[in-house]
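So that we are looking at the same thing, I have put the structure below in structure tokens.
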Amino acid sequence: MPRLNVIVASTRPGRVGRRIGDWFTAAAVRHGGFDQVRLVDLAEVGLPFHDEPHHPSEGNYLHRHTREWSDTTAAADAFVFVMPEYNYGFSAPLKNAIDYLYHEWRHKPVGFVSYGMTSGGLRAVQMIKQVVTTLNMVPVNEAVAVFLRQNLDETGGLRPDPGREVAADLMLDQLTRLAVALAPLRVAA
């Protein structure tokens with residue numbers, strides 16, 4: 001069975017992204033379509049602004065943090081980006097994390113759990129699809145959008161939402177199928 005990395009894309013102190021990432025990681029484990037589900041929090045990964053002297057397509061990484069990020073990313077067969085919308089776009093830490101690597105992303109499906117106040121992060125998802133398809137990633141159509149005004153309680157906790165659970169399962173179904181279907185393309189020639 002394939003392996004899934006759930007990447008929390010916000011690094012801002014006080015962020016809600018980690019809570020949403022924890023919820024989605026638990027949903028992915030319950031789903032059962034992946035042999036391994038790993039939560040990867042970019043705040044904990046701590047990548048500096050891209051500092052490798054060589055182009056990522058060369059795979060010639062000089063820094064330990066890049067080699068560790070490469071290993072973490074290469075080990076996954078599929079990804080879910082848990083991503084906020086900032087000013088109608090996606091976060092700089094997510095773009096930075098993507099730009100560190102090249103081959104590690106190729107021929108892998110990606111799903112999106114977006115969040116924001118007004119649009120639930122949907123505008124950011126549309127923008128990042130241009131980036132991931134350039135890397136030969138395959139974005140799935142099903143997604144989860146969390147509208148923070150309606151989905152957070154007084155303490156900042158995520159309210160239960162059966163519709164969100166259904167959306168997560170539909171997205172995980174697509175990710176599982178695509179991770180298996182794309183596997184032959186990831187085999188080194």
Side-chain angles (χ1 to χ4, degrees), residues 2-12 15-18 20-21 24 28 38-61 63 65-146 167-168 171-172 174-175 177-179 181-183 185-186:
R3 295 156 298 181
L4 173 68
N5 280 4
V6 178
I7 299 175
V8 176
S10 174
T11 60
R12 185 180 58 81
R15 67 210 163 114
V16 69
R18 179 58 187 254
I20 296 172
F24 186 81
R38 179 177 183 183
L39 179 75
V40 181
D41 188 336
L42 291 181
E44 293 171 4
V45 172
L47 290 171
F49 195 72
H50 193 218
D51 63 350
E52 287 289 340
H54 302 287
H55 193 278
S57 65
E58 295 175 25
N60 183 11
Y61 305 130
H63 301 293
H65 57 261
T66 309
R67 289 189 303 272
E68 290 174 353
W69 179 233
S70 172
D71 291 345
T72 297
T73 304
D77 299 300
F79 303 95
V80 169
F81 295 160
V82 178
M83 53 184 285
E85 180 177 305
Y86 294 159
N87 302 315
Y88 285 43
F90 50 88
S91 68
L94 178 56
K95 181 68 164 81
N96 186 53
I98 291 169
D99 288 347
Y100 258 92
L101 308 173
Y102 183 74
H103 294 288
E104 296 86 343
W105 301 113
R106 294 174 58 90
H107 308 302
K108 296 179 182 179
V110 58
F112 306 98
V113 176
S114 62
Y115 59 95
M117 290 299 185
T118 305
S119 75
L122 295 172
R123 296 175 293 215
V125 170
Q126 284 307 110
M127 287 187 72
I128 203 161
K129 284 182 178 180
Q130 297 175 63
V131 174
V132 299
T133 56
T134 300
L135 293 166
N136 288 310
M137 296 177 81
V138 179
V140 299
N141 290 329
E142 299 295 337
V144 179
V146 179
M171 182 175 64
L172 287 161
Q174 281 191 342
L175 281 169
R177 284 192 299 274
L178 278 171
L182 294 170
L185 296 177
R186 294 191 298 272

Review point. How long is the gap from CD on Q126 to CZ on F90, to the nearest 0.5 Å?
Key: 12.0 Å
Check your understanding: Which heavy-atom pair separates L39 from V8 by the least distance, and what is that distance?
Key -> CD1-CG2, 3.6 Å
Practice item. Could you tell me whether the side chain of H63 and the main chain of H65 form a donor-acceptor pair under 3.5 Å? Key: no
Review point. Which distance, rounded to the nearest 0.5 Å, do you find between the CG of D51 and the OH of Y100?
Key: 3.5 Å
**Study point:** Gap between atom NE2 of H107 and atom CG of L185 - 0.5 Å precision
**Key:** 5.5 Å
Check your understanding: Where is the tightest heavy-atom contact between M127 and G89, given as atom of each residue plus distance?
Key -> SD-CA, 3.5 Å
**Study point:** salt bridge (Lys or Arg N to Asp or Glu O under 4.0 Å) partner of D77, the single match among K108, R186, R38
**Key:** R186
**Study point:** Nearest heavy atoms of P56 and H50, plus distance in Å
**Key:** CG-CE1, 4.0 Å
Review point. Are the side chain of S114 and the backbone of M83 linked by a donor-acceptor contact shorter than 3.5 Å?
Key: no
Practice item. Report the distance from atom CD of E52 to atom CZ of R67, rounding to the nearest 0.5 Å. Key: 8.0 Å
Point to revise | Worked verdict on L172 versus F24 for side-chain contact (heavy atoms from CB on, under 4.5 Å) | key: CA-CA 10 Å; L172 287 161; F24 186 81; 3.7 Å; yes
Practice item. Determine whether F81 and I98 make a side-chain contact, defined as any pair of heavy atoms from C-beta on separated by less than 4.5 Å. Key: yes
Point to revise | Nearest-0.5 Å distance that lies between atom CG in L178 and atom CG in L175 | key: 7.0 Å
Point to revise | Approximate separation, where rounding is to 0.5 Å, of R18 CZ and T11 OG1 | key: 13.0 Å
Donor-acceptor contacts, no H, no angles, side chain residues 130-146, under 3.5 Å, sequence neighbours left out:
from : atom 1 : to   : atom 2 : distance (Å)
T133 : OG1    : K129 : O      : 2.9
T133 : OG1    : Q130 : O      : 3.4
T134 : OG1    : Q130 : O      : 2.8

Practice item. Please check if the side chain of E104 supplies one atom and the backbone of Y102 the other of a donor-acceptor pair under 3.5 Å. Key: yes
Check your understanding: Just wondering, do F79 and T73 contact through their side chains at under 4.5 Å, heavy atoms?
Key -> yes
Review point. Would you say the side-chain atoms of E85 pair up with the backbone N or O of R123, donor to acceptor, closer than 3.5 Å?
Key: yes
Study note, to complete from the structure: Shortest non-hydrogen pair, A9 vs S91, comes out as O-OG, 3.0 Å
Practice item. Check whether any side-chain heavy atom of Y61 sits under 4.5 Å from a side-chain heavy atom of L101, and report yes or no. Key: yes
Practice item. Verify, without hydrogens or angle tests, whether D41 (side chain) and A43 (backbone) share a donor-acceptor contact under 3.5 angstrom. Key: yes
Point to revise | Check: E68 main-chain N/O paired with T72 side-chain donor or acceptor under 3.5 Å | key: yes
Point to revise | Least distance between heavy atoms, A124 atom then P84 atom | key: CB-O, 3.9 Å
**Study point:** Side-chain donor/acceptor of W69 to backbone N/O of V45, under 3.5 Å
**Key:** no
Practice item. Identify the two heavy atoms, one from L47 and one from N96, that lie closest to each other, and give their separation to 0.1 Å. Key: O-ND2, 4.0 Å
Practice item. Could you check Y86 against S10 for side chain to side chain donor-acceptor pair (under 3.5 Å), going step by step and ending with a plain yes or no? Key: CA-CA 10 Å; Y86 294 159; S10 174; 2.9 Å; yes
